[in-house]
Each structure stands twice: as C-alpha cells, then as structure tokens.
Protein chains: 2
Amino acid sequence: MATIKDVAKLAGVAVSTASYALNNVNKVSPATMKKVQEAARELNYFKNGFASDLKRTKTNTIALILRDLSGPFYSELIKGVQEVTTANGYDLIACSSVGGAQSTAAKFLKEKRVDGAIILAHNITNDIVLESAREGFPIVVLDRKLDHEFVYQVEVDNIHGGYAATEYLINKGHREIGYVSGPMNSHDNEMRFDGYMSALKDHGIQYQNKWKVSGDFTREGGYRATKMLIAQRQLPEAIFYANDEMAIGGLQAFKENKISVPEDISIIGYDDIQLAEYVSPPLTTVRQPKYEVGALAVHVVFQALAKEDSVENYYNLSTEIVERKSVK
Amino acid sequence: MATIKDVAKLAGVAVSTASYALNNVNKVSPATMKKVQEAARELNYFKNGFASDLKRTKTNTIALILRDLSGPFYSELIKGVQEVTTANGYDLIACSSVGGAQSTAAKFLKEKRVDGAIILAHNITNDIVLESAREGFPIVVLDRKLDHEFVYQVEVDNIHGGYAATEYLINKGHREIGYVSGPMNSHDNEMRFDGYMSALKDHGIQYQNKWKVSGDFTREGGYRATKMLIAQRQLPEAIFYANDEMAIGGLQAFKENKISVPEDISIIGYDDIQLAEYVSPPLTTVRQPKYEVGALAVHVVFQALAKEDSVENYYNLSTEIVERKSVK
DNA sequence: CTGTTAGCGCCTTCAT
DNA sequence: ATGAAGGCGCTAACAG
C-alpha cells in the first residue's frame, strides 16, 4: 500500500506539499500539483482514512443506528436522513444494534467513530447514549426521552396520534375499542396509549382492561394478540393497533376465523407502512411524517455540530390519519 | 476526551501497562488490572477507534454496500450477511452508493476503511472495485462479473431463473410472452433475458421485439412499460417481469385499464419480495435464495481474509418458482 | 510556494 | 509484570 510518503518521494517533493496538493489546498503551484497527482495515480495511492480521521479528529460521517438493518424500518425516514446528510457533504453509514452493548452500533458510539448519530433502536441503552454524547458528538434519539445537553430528541406527536386514531373510531360510532399495544418499555407505545386513554375519557367512555392486549410491535405478536381477543369470545367493535405490523397480523387472525373487516370489526393501525395499502382490506392508519423526521434529525445534528445557538433539544412533528377501508 | 495516557497517569502505571490491561492481554497482575479499569471507568475512557485501527491496520468490520439504503432491498440478504458477520465477531456497516464515485461507499472502498466489502450497487463502477480490491481487502460482488484475484462473485443462477419463469408460462399454455426488462446495463437483467430467450427458442417460439419493453426495475417503470404495452392494443398472453417491483407496477396499470390478472393476462415476477404475496392477485414469481446469498458472501470474505486456499472466485446459487395466483 | 517537524492515540517490541 | 520508546499515515503549524 502506497503512502503519502511514497507519493512525495516519487513526485520529488516534501510530504506536506504532497498533502496540500492532494487535498486541493490553494497553496501549491499548478506544476507541483500535477506532478503529485500523477505520482499518486501511478502508485494507485489512496489516503488512509483512519490516519486522516485521527489527525483531524473528525470523520465527516454520521451514523444512523437501527435495531435491525433487515427489518421493515422506515425507508422514508432513511431517505430523509440520507438526502440531508449528502446535501451537507457528509457521509452516512447505517449500523445495526443487534447485540446491544456489544453491537457495532454501541461500538461506534462509544469509540466515537462518527461525528454524530441518529438512533432508532430500543436495545441501545440510555446509558450508552448518555455517556457517549458530548460536545462535538451530538446524538439525536428518535425513540425515547432523554435529558442531556448534547442529546436531541425529535419525535412525532404520538400522544396526539393515538388520540386521533381513537377519536376517529369513536366518531365512526364505535364505543368498545380495543388496544393492541407494543412492548411496555416502548416510549412510542406509551404515548399512543396515553392518547387512546385521553380520547376515551374525553368522550366519556370507560376504559376496559380486558380489551388491552400486548402484541410486541411484531406481525406475529399482533396475530397472537388478536387470537387471544377472539378466544375471549367477546370482541370489541373496533381495535386500535399500536402499529401497522401488528394490525396486519391481526388481519390474518380475523381472516382465519372468518371474521370480516370492517363488517364485523373495524381496525386502525399506526405508521402507514408501505404494506398497509396493499393488505386486504387496505388499512386505515395514522401516518407519521417519516421523511421529515429523518431530515430534521440530521439537520439538528449539523446545527449542533456547528454550535448554533438556535438548536432546541426537543422537536415534535405531527401525524395525520389516512383513511382506507378497514374501518366502518 | 480522556486518552489512554490519562488513564495510565491516574492509575499510576505506564501507558503500555494500561493498554495491556484494557485489552485483556494476559500479562498484567490482577491488582494492576483492577486499578487501570477503575481509572478508565472514572474518566469515562473509551479507546479512540481510529488510532486503534490505524495502529493495527485492521478494522474488524465489513461493509455492505447498497445502491440505496432506503430502497426495498432484500432484507433476507441483509439478514444473512448480518448473522454470519456477527457470528465471526466482526462488525457490519451498511453504506449507500448514491453519488457514485463521490459516495460514502466509494470512499470506504478506496480508503479501505473496512476489512472487506460486499457490493450490491450498480452505480459503483468496476474500476473502483478493481482498484480497491487487494490482498487483505477482499470484495465480493453480487451484481456483476469481474475478474480479479481478490474480487469474488456470488450470484444466483439468473439465466436458469429466467428460463424457468418463461418455461413455466409456456407450460401453462402461453405462446405469446412479453418481457419487461430492467436497465440495460444490469447484469442480472441480462441473464434473466438470456434465460427467457433460450426458453423461447427451446420451445420453438419466435421472439417478438414488440413484446420487450424496458421498465428500469422500478415500480413506476413497470407501470409505464405496461401502459405502453396496453397502448399498443395488442397484448401478449403472458408477461415475464424481470423483477417483482415492476410486476407490481404492472398490476396497477392493468387494474386501471380493467384488464384482469390472470383471467385476461398472466404475469410472473422475479425476486419474491415481501409484497409479492400481499398484492392482488398474489404474484407468482421466482424466488432467489437471498439469505443464502448474503451468508455465503460474508463467508467468502472471511475465507479470503484467512487466506484459505479453498476459496473460489465464483459461486452460483439456484432459484425456485413460487406459484401464486397471477398465472392462469 | 515548499520543506521540516511535531504530534493525533494507540499498540507492541525490547529491555528491565 | 512493568516501563520506555518507536511508529502506524496523515495534517498543519511554522520556518524559510
């Protein structure tokens, strides 16, 4: 592997000159420039990224940390992140948090291998985030509440989203409304549930514990939760699934039991994932502004990096109901 | 930011001792070990990843390069890559190649910021791959043919897949079979088309140029291509879409024109993406062993890294037809 | 405009 | 078992 030294030697200049030439610093004569570039090409030289990063203590890349690279994560969100990152001349890498504290993600955070990070991965503990964030290493979390000078939150207003979903069902004439929840430790789930509760309360409907069942945010979980509800032999008139994946699992369960949606029961999901519109019946759901979340998140990272005074630690975006055919 | 020096000082030992202690080298007394670890904790010390990588000239991470992080890329493939990578104690990062030669991906390749890479991204030119690969930096390509000592190929037998898809249609009694192609520069597309042609030929069917139309591997492209075919006012009996995304776009076009699938026309896709089974009618398609491709790809990287003699430069996996309801 | 040089933070050989 | 010291490849003062 050729180093900058080799290039300098071949070009007959000092290393610093070679460095300047290679980095286009306006400080070197066109002739030298050319000599150096030719030498570099001849040796098939490429800078060693680490050495460079080490020296500048800056990587020019930001990380997007996802629980599972292969999961049905929000492609719109990634798009938002990606576009803004690129527009700012930074690089983006995605890394997975499978393995928790031992994961690649945790390592990148702790060892500060990037200039900033955006996290959407429950299994990265708050501790890791808190001890990694620092001046010059802003972290934005999309999935939790955290109080730290250099940790920023952007979230969608899930309380309002949960409220809206529930109220939508109520306005359609339903009074008995089930809730299939995500994992208990999920902040998103908690907020959606809060919204659900408030809507019930504001409309004078009594909350019934038997109609709350947990589905873990997975399709499989939604399926099982729905089967449980069905097994109770007393279904509510409508169900609010805390995410679309679970709702799709629920659809499957209803189908197997010949319960038809929305004739026999109405259901509403949350997220508006791509599949939602293709499922049968098409799923009425709550859309989150995913692209905006992603774009805003990176934007915040850059603002923090630039030490702009105007950065807030907390941002909130709102949701919107998308009506399809799963509610009567 | 605390460095190893600070830790050593606080623990009252030399830097080297601190390094040994921190890296669990069996060379330091338990007492010293403890002192150092405590000092590290107290200072909230974490090693600087770059310095470490620079010194060892090894990153312990491999990169998966995808054309578009947000695209509907194969989650099964990623899963295969991820699991095997993790099982080998390596880290995995995904990076996007949007931007081509200026992309993050190209940078990681050229600057050798990882120990190995797996590429599924047409817009990374062969040149970049060829000049980046070298001893100690194996690259496996999933989407092209390339001849280089340290470039490995794993591909699925797309020729056979294309053949099988076409033959399936023929066996169902269709003689007029259209082909909606991916981009011309796609090796995958080319192979599928070759398979299509051979099947036609082997069954004594004349290839008709008017039934080949390009769809760019996107849903939108498939939609437009199908509209074009419809506009020709003379539809084939069946269409082979070179991927599922395009087939789904086609489904949409047919629906809008009240042409029903499979009654009026049969269609078959390729890939077996997740959506395929949810679309209406469920799409008959050719499944690729995606998980296996991913797993094998990383496996090859590790073999190459270990300089095993048994590594081949070329691997081939086979496909399978999954019958659903879009072919009559 | 070009060259010399001092580190960036860490690992590791060599002596002790 | 521990310490001193060199250097990985690069950048950026600083001096000329």
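Naming: A, B, ... by sequence-line order, numbering from 1 per chain. Here the structure is a predicted model, which means the values were calculated and not measured. Just so you know, these numbers use all the heavy atoms, side chains as well, and skip hydrogens, waters and symmetry mates.
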Residues forming a side-chain contact (heavy atoms from CB on, under 4.5 Å) with A:Val129, sequence neighbours excluded: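 Listed in chain order: A:Ile119, A:Ile124, A:Ile139, A:Val141, A:Arg144, A:Leu146, A:Val151.
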Which residues share a side-chain contact (heavy atoms from CB on, under 4.5 Å) with A:Asn313, sequence neighbours left out: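 For A:Asn313 the side-chain contact (heavy atoms from CB on, under 4.5 Å) partners, ignoring immediate neighbours, are A:Tyr152.
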So how far off straight is the helix from C:dC1-D:dG16 to C:dT16-D:dA1, going by the axes through five pairs at either end, to 10°?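 Its terminal axes enclose an angle near 40°.
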Any non-hydrogen side-chain atom of B:Val114 less than 4.5 Å from a side-chain atom of B:Ile93? yes
Which one of B:Lys79, B:Glu83, B:Glu76 satisfies the side-chain hydrogen bond (donor to acceptor under 3.5 Å, both in side chains) criterion with B:Tyr291?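 When B:Lys79, B:Glu83, B:Glu76 are each tested with B:Tyr291, the side-chain hydrogen bond (donor to acceptor under 3.5 Å, both in side chains) holds only for B:Glu83.
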Give a yes or no answer on whether the side chain of B:Asn316 reaches the backbone of B:Val156 with a donor-acceptor pair at less than 3.5 Å.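 No: the side chain of B:Asn316 does not pair with the backbone of B:Val156.
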Donor-acceptor contact present, side-chain B:Asp115 to main-chain B:Asn60, <3.5 Å: yes
Please find the earliest and latest nucleotides of DNA chain C, in the 5' to 3' direction, that have an atom within less than 4.0 Å of any heavy atom of chain A. C:dC1 to C:dG9
Could you run through nucleotides 10-16 of chain D and give me one letter per nucleotide, 5' to 3': B if any protein heavy atom sits under 4.0 Å from the base, S if only the sugar-phosphate is that close, - if neither? BBBBB--
Taking for each residue the nucleotide of DNA chain D with the nearest heavy atom, is it A:Leu54 or B:Val13 whose nucleotide lies nearer the 5' end?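 The 5'-side residue here is B:Val13.
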Sequence neighbours excluded, every pair satisfying ring pair (Phe, Tyr, Trp, His ring centres under 6.0 Å) that has a member inside residues 14-38 of chain B: none
Can you list every pair that meets ring pair (Phe, Tyr, Trp, His ring centres under 6.0 Å) and has a residue in residues 106-136 of chain A, with sequence neighbours left out?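 Ring pair (Phe, Tyr, Trp, His ring centres under 6.0 Å) check on residues 106-136 of chain A returns no pairs.
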Take A:Tyr90 and A:Thr61 through the side chain to side chain contact (heavy atoms under 4.5 Å, CB included) test and state the conclusion after the steps. CA-CA 5 Å; A:Tyr90 266 61; A:Thr61 111; 5.6 Å; no
Which pairs, with at least one residue in residues 31-46 of chain A and sequence neighbours excluded, count as a side-chain hydrogen bond (donor to acceptor under 3.5 Å, both in side chains)?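 Sorted pair list: A:Ser29-A:Thr32.
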Quick one, which residues of residues 101-114 of chain B touch DNA chain C with a heavy atom under 4.0 Å? none
When the distance from CG of A:Asp6 to P of D:dC8 is rounded to whole Å, what number comes out?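 These atoms are roughly 11 Å apart.
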A:Asp91: what forms a side chain to side chain donor-acceptor pair (under 3.5 Å) with it, not counting sequence neighbours? B:Thr104, B:Lys107
Which pairs, with at least one residue in residues 9-32 of chain A and sequence neighbours excluded, count as a salt bridge (Lys or Arg N to Asp or Glu O under 4.0 Å)?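 Salt bridge (Lys or Arg N to Asp or Glu O under 4.0 Å) check on residues 9-32 of chain A returns no pairs.
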Less than 3.5 Å apart, which donor and acceptor atoms pair up between the side chains of residues 301-312 of chain B and the rest of the protein, not counting sequence neighbours?
none

